[in-house]
Amino acid sequence: MHLKIFSLLLTLPLSLSLLVANGTGVCEKCPIKSIQEAIDQASAGDTIFIQKGIYKESNILVDKPLVIIGEDFPTIDGEDRGEIIRIVSDSVTIDGVFIVNVGTSYTSDHAAIRVVKSSHFVIQNVVLEKLFFGIFIEKSQEGKIYHNKIIGDAQDEYNSGNGIHLWYSKKISISKNTVQNVRDGIYLEFADSITVVGNISRDNLRYGLHFMFSNNDVYNDNVFENNGAGVAVMFSKHISMYNNQFRDNWGTASFGLLLKEINDLEIEHNLFESNTIAISVEGANRVNYLNNEFKSNGWAIKVRGACYTNLFKGNSFLNNSFDVSYNSRINDNLFEGNYWSNYSGYDLDKDGVGDVPYRPVKLFSYIVNRTPEAIVLMRSLFIDIIDFSEKVSPVFTPDELVDKHPLMNVL
Amino acid sequence: MFKILKYSFYDLARSRWSYIYFLFYFILALVLLFLNHDLSKAVITLMNVIIILVPLIGTIFGVMYYYNSREFTELLLAQPIKRKSIFLGQYLGIAISLSLSLLLGIGIPFVIYGLFNSAAIWDFSLLLLTGVFLTFIFVALAFNISIDNENKIKGFGYAVLLWLFMAVIYDGLFLMSLVMFEDYPLDKFSLIGSMLNPIDLSRTLILLKLDISVLMGYTGAVFKQYFGTNVGLFTSLGVLFIWIIVPVRRIVIRAKRKDF
Amino acid sequence: MIEINSLSKKFNKNVVLFDLDLLIEKAGIFAILGPNGSGKTTLIKAILGMVIPDDGEIMVANINIRKSSNYRYNLDYLPQIANFPHNLKVRELIAMIKDLRGETDEEENLIDRFNLYPFLDKKLGNLSGGTKQKVNILLTFMYDSPILILDEPTTGLDPIALIQLKKLILEKKEAGKTILITSHIMSFVEEMTDEIVFLLEGKIHFKGLIQKLKQDTQQKDLEHAIAVLLEKSHV
């Protein structure tokens, strides 16, 4: 009796994997030595286990619903021949593989993993290195891109690709990924109802997140750090962004967040720190900026024009060189109840709200917009004097742009 | 020279004004730190104070000391001492004692506050270094003014005018010329312009620390190199040094030829 | 001792000394006299090296004074207005001069003679004019230099101190020093000095014994003799 149970226990793992997952093993000494072979032989719904080893394969085609799992991170080496895995079937899962050497091309966008016209895919725990494009989702939906690590070695924009690239896709969740040293960390074009959560995108050549013609998307808890140009959100509507961090995006055309031709956006509880421009806005309407923190940026908010009915409330502006910069005298935006570290008013009735309105646009920021080199005069007594006189009677800066109830303390 | 330096320093170290100067900085730094709790903000306010007040106090103090000690200088001139030693000694005496008031006045509150454990220590050290440079520069300029003007009132007038020019008017003219020529590439011009005035130069040095994120937003290659690397830091320090050497040389030359 | 050859000095366009020669070889007390603006102070300052001549040369103890500041070891100078660093104590000032010029033991004796003990630990800024002048005298007389230059030495002194000063000057004369004095007080000059040098408009108009001046001008006292000199020059 005992013996019988013991032998049963011994055979249990093997029989489990055989029975439950109906899996096929791939390894160097197995009967099936290549991944493509395993896929070809498997039937829909099977699981393929790729054991530790190096598989020199490219143009792997997954054309049926399969679960492909790497055990101890097997390496798939594309040997720079082009695309490595293409998924053209619904319900495919790829988990735990290490993919290297995607071929660079000037004519087609080779990717480590490409998903075409499929749904319910899962790509997780994948590590990509030496890539051109990383994960490329094309006309697909309802997928998950979870906990992948994409480490590029991009040098120039023209011959590098994006980390996670979505094109004409919807209802996809992108979470807990790390993307670095590629052209654009995460790129979305015509991608609706996407959630981007808890990703880290840093040291990318161009944008940490690049985002166009995509609506109804949510970003939260992401970190965008030290990217060439920061995060760009363009030609989109109904987006909400919260709890993200935008940091250290330095350079001539660099910003934490670029908003261009955007409507109906919620930006809440984000942190913008040490960016040349924290938020650069052009043609953004009905945007609510609530409870964000702007810290040690060159410009916290640079408005380049045509921005209507925006609300800035409960934000903290801490030690930015310029809090708000406008290039026109027209203002249709409301600043209300923010904390400004440059505020020098008083609060006699002790209600936590300053008794004197704060005027966040300085004359000097207007001068610097016209004559950038004048920046060397920043913080000089003369500039303080002219800023003060502008504050008393505004001539060049929007007259009604004031925070009537500036907070006395950081929120 | 060191003997004269020693006695001028002793004299000033006991002067009421040195203590007032010291106490002013001490209280200012205390108030900034302990009422504010924001180190970066305190550093910014201090920067404004240092860049404006240190030159003012340096010039006024320098001129005042020179005129007040004129008879004593005559006594020294009759002693077997070189003129160069007398004037350099007195100059260094004031510059060092003013610098010490500044360093201790601001330094002590910051040390009490726990500066050594803070990331702001470099910004802060740079701030103090700049303050010391400005003291040496403006005391030297003050000596130049007073050597050239026997008339005390005139000397004071010129000293205040010099300060006003360097602290305010210069920047006004500078800004006007920048705006007037805005169609031309101005990055070299603006950098050179800021070097011709020690107050601007010190300001740039501090901007490098406080506003680097905004400075990096510019396209000019010269700008980029100046602000983006250590070139800016070392050039500024070097030029500040020249700003001390040249006026001090002139003190020595003028002192040799002057009748007392 | 002091040799001045064709000394000229202009301040701006104002000629103060013109082609002045002066030779003082022997020991004794010499008074440099002249009306205001005659160039007395400029002459003294030129000897001290405080005023730099436009032309001519000055030798002190056979050293050309342009060469080095060391000739001033042979000189002691009592300036007209004594103004010292306010925050130094008397004791420290004495120590400082000793530090700058070298050691001497004479100061104890002088402190005693001018009754300066109670003031040694006081700051110079708090002293009265007379006491400052005493300190000033002390600093000048504590060295044993061959030449002394005293610019209005009696300013602000009380009678007792004045007596001490006169004694001091005579002692120095006995010791074979050369002493140059400027003063407006003719009685003091007449009492103390052997020879006078009379300056007018940058030139020396008279140099010699007081006795001789009196004879030349046929006057009984110095004051009148000087007055005659002045009148003559204006004719």
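In what follows, every chain begins at residue 1, and chains take the letters A, B, ... in the order their sequences are listed.
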Is K166(C) atom NZ crowded by more than 12 heavy atoms from other residues, nucleotides or ligands, each under 6.0 Å away?
yes

Portion of L124(C) that has a non-hydrogen atom of chain B nearer than 4.5 angstrom:
neither

Is the number of heavy atoms from other residues, nucleotides or ligands within 6.0 Å of CG (N62(C)) greater than 12?
no

For K6(B), is it the side chain, the backbone, both, or neither that has a heavy atom closer than 4.5 Å to a heavy atom of chain C?
side chain

With ring centroids as reference points, do F61(B) and Y65(B) lie under 6.0 angstrom apart?
no

Considering the options V54(B), L201(B), I199(B), L205(B), which one meets the side-chain contact (heavy atoms from CB on, under 4.5 Å) requirement together with T130(B)?
L205(B)

Honestly, the part of R257(B) sitting under 4.5 Å from a heavy atom of chain C is backbone

So which residue, L100(C), L88(C), N70(C), ends up with the most heavy-atom pairs under 4.5 Å with chain B?
L100(C)

Would you mind telling me which of K9(C), K45(C), E92(C), M50(C) has the largest number of heavy-atom pairs within less than 4.5 Å of chain B?
M50(C)

Assess the pair F87(B) and F143(B): is the distance between their ring centroids shorter than 6.0 Å?
no

Contacting moiety of F11(C), where chain B heavy atoms sit under 4.5 Å
side chain

Measure I97(C) against the heavy atoms of chain B and call it side chain, backbone, both or neither at under 4.5 Å.
side chain

Between L48(C) and E74(B), is a side chain to side chain contact (heavy atoms under 4.5 Å, CB included) present by the stated rule, with each step listed?
CA-CA 10 Å; L48(C) 287 161; E74(B) 286 184 14; over 6 Å; no

